[in-house]
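Input: a single structure, listed below in structure tokens.
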Protein chains: 2
Amino acid sequence: MVETTRRREIEAAASSLFRERGYSGTSVRDMARALDIQGASLYAHVASKQDVLGSIVDRMASRYETAADLALADVAAGPAERLAAIVRAHVAVTTDDIEQASVFVHEWRALSGERRAAIGRRRDAYEHRVRDLIRDGVDQGAFAVVDPALTAAWLLTALNGLVTWYRPDGRIAPETLAETYAELALRSVARQEDPRR
Amino acid sequence: MVETTRRREIEAAASSLFRERGYSGTSVRDMARALDIQGASLYAHVASKQDVLGSIVDRMASRYETAADLALADVAAGPAERLAAIVRAHVAVTTDDIEQASVFVHEWRALSGERRAAIGRRRDAYEHRVRDLIRDGVDQGAFAVVDPALTAAWLLTALNGLVTWYRPDGRIAPETLAETYAELALRSVARQEDPRR
DNA sequence: CCTACCGATCGGTAGG
DNA sequence: CCTACCGATCGGTAGG
């Protein structure tokens with residue numbers, strides 16, 4: 001399937017429905033209705049319902065990966081700056097398209113076979129980058145954490161939790177959110193003020 | 001519907017399926033098959049598929065609420081102790097039945113009408129308790145946060161993220177997890193080591 | 001808890 | 001992008 005404007009419109013409409021009702025809870029006819037066409041007409045543009053989900057999830061995975069690449073590209077940056085940068089990047093990708101981000105976070109498991117497995121591996125790799133970054137910070141004495149893997153899980157689930165509550169028309173600007181979340185991430189790895197606390 | 005042993009078995013089987021495939025992705029016949037009975041036979045025990053989901057979600061909502069009540073019952077405790085207590089309680093409820101906890105977190109939106117609205121209100125109330133606790137801590141000078149509402153959202157989504165990765169047979173004991181998550185929660189509200197950081 | 005069955009809807013195809 | 005249609009499956013009911 002070639003990438004056309006219409007294809008993008010279909011995926012945008014589908015993302016909105018998948019977010020609201022889930023992939024399984026959305027029928028092909030629901031998707032078509034949102035575009036004012038017949039259910040069968042959708043197949044002039046997409047190979048299958050899975051195909052639509054796969055495109056959305058694949059693209060979002062790439063966006064998160066590319067954003068992380070750019071955030072970590074500054075080799076001179078220290079662990080704290082790097083962690084803050086990847087958090088800001090993650091928040092930016094999420095707020096930039098909250099519906100597709102939501103589908104990526106919640107519906108990737110609805111993919112089947114090799115496609116699902118491949119996304120699972122990419123998600124694991126992303127988590128490992130965060131984990132390794134935390135370990136680096138600990139090794140360099142910049143961070144102090146109880147458990148790098150647990151801290152990474154805490155951090156990434158908090159970040160992905162954005163899709164459950166963020167609204168583009170809400171009171172918080174994306175930039176403010178990115179800064180606050182970067183701050184919260186740094187706190188989770190910070191050396192402690194006072195061991196007596 | 002009376003609460004019978006069989007009913008609980010049905011809900012346990014359903015929770016496992018709902019977690020794996022989602023509520024919409026699970027058919028009544030899938031549920032029956034897991035119990036080695038016919039699809040239609042399920043209706044001797046439950047009124048509807050929604051009824052099964054509703055029972056699971058309602059019970060888990062009550063468990064989280066009751067656990068929070070107990071955690072916050074000690075009126076002499078300070079903000080930090082209270083926050084740590086509610087986090088430990090939340091982790092304990094989650095790890096105690098990870099499948100039903102997962103259904104509560106991810107599938108409550110599949111409920112319809114008043115039932116969904118009621119759960120939405122209970123979830124909001126729970127989040128408000130955490131938010132108010134953070135505000136209290138700030139007012140008393142025990143905490144320093146950028147934004148209580150954002151910090152509460154960060155914290156609760158990290159807690160609920162447990163259902164996406166926690167495995168009872170994994171390397172982390174529930175008690176260790178509760179302690180580590182309580183520590184991470186405290187870090188998110190802690191006064192900072194050094195403003196120059 | 002079973003068999004037999006219901007109308008509705010599902011994802012998808014044929015052929016324009 | 002349409003009409004017409006496919007077999008399969010959906011949640012649920014009747015009547016034992």
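Every chain is numbered from 1 and lettered A, B, ... according to where its sequence line falls, protein lines coming before strand lines. When reading the values below, keep in mind they use all heavy atoms of this one structure, side chains included, and skip hydrogens, waters and symmetry mates.
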For B/V93, run the side-chain contact (heavy atoms from CB on, under 4.5 Å) check against B/E65, B/R88, B/R63, B/Q100 and tell me which one passes. B/R63

SB check A/D30 A/R33 (cutoff 4.0 Å): yes

Going by heavy atoms closer than 4.0 Å, what residues in residues 11-38 of chain A are next to DNA chain C? A/T26, A/S27, A/V28, A/R29

Classify the angle between the aromatic ring planes of A/F18 and A/Y23 as parallel (below 30°), tilted (30 to 60°) or perpendicular (above 60°). perpendicular

Whole-Å distance between C/dC1 P and B/R6 CZ? 4 Å

So that I can tick it off, tell me whether B/E127 and B/R131 are bridged by a salt bridge, with the cut-off set at under 4.0 angstrom between side-chain N and carboxylate O. yes

In which ranges does DNA chain C form stems of 3 or more consecutive Watson-Crick or G-U pairs, distances under 3.5 Å? C:1-16 with D:1-16

Heavy-atom check, side chain of A/E99 versus side chain of A/D97, under 4.5 Å: yes

Return the value, rounded to whole Å, for the distance between atom NZ of A/K49 and atom P of C/dT9. 15 Å

Both conditions, 6.0 Å and 45 degrees, for the charged tip of A/R135 above the ring of A/F143: are they met here? no

Students often mix this up, so state it plainly: with edges at 30° and 60°, are the rings of B/H90 and B/Y126 parallel, tilted or perpendicular? tilted

Starting at atom CG of A/L42, determine the distance to atom C1' of C/dT13, rounded to an integer number of angstrom. 14 Å

Less than 4.5 Å apart, side chain to side chain, heavy atoms only: is that true for A/I10 and A/V46? yes

Take the protein atom CD1 of B/I10 and the nucleotide atom C1' of C/dC1, then report the distance between them rounded to whole Å. 11 Å

What nucleotide among C/dA14, C/dG11, C/dC2 has an atom nearest to a side-chain atom of B/S41? C/dC2

How many Å lie between CD on B/Q50 and P on D/dG11, as a whole number? 11 Å

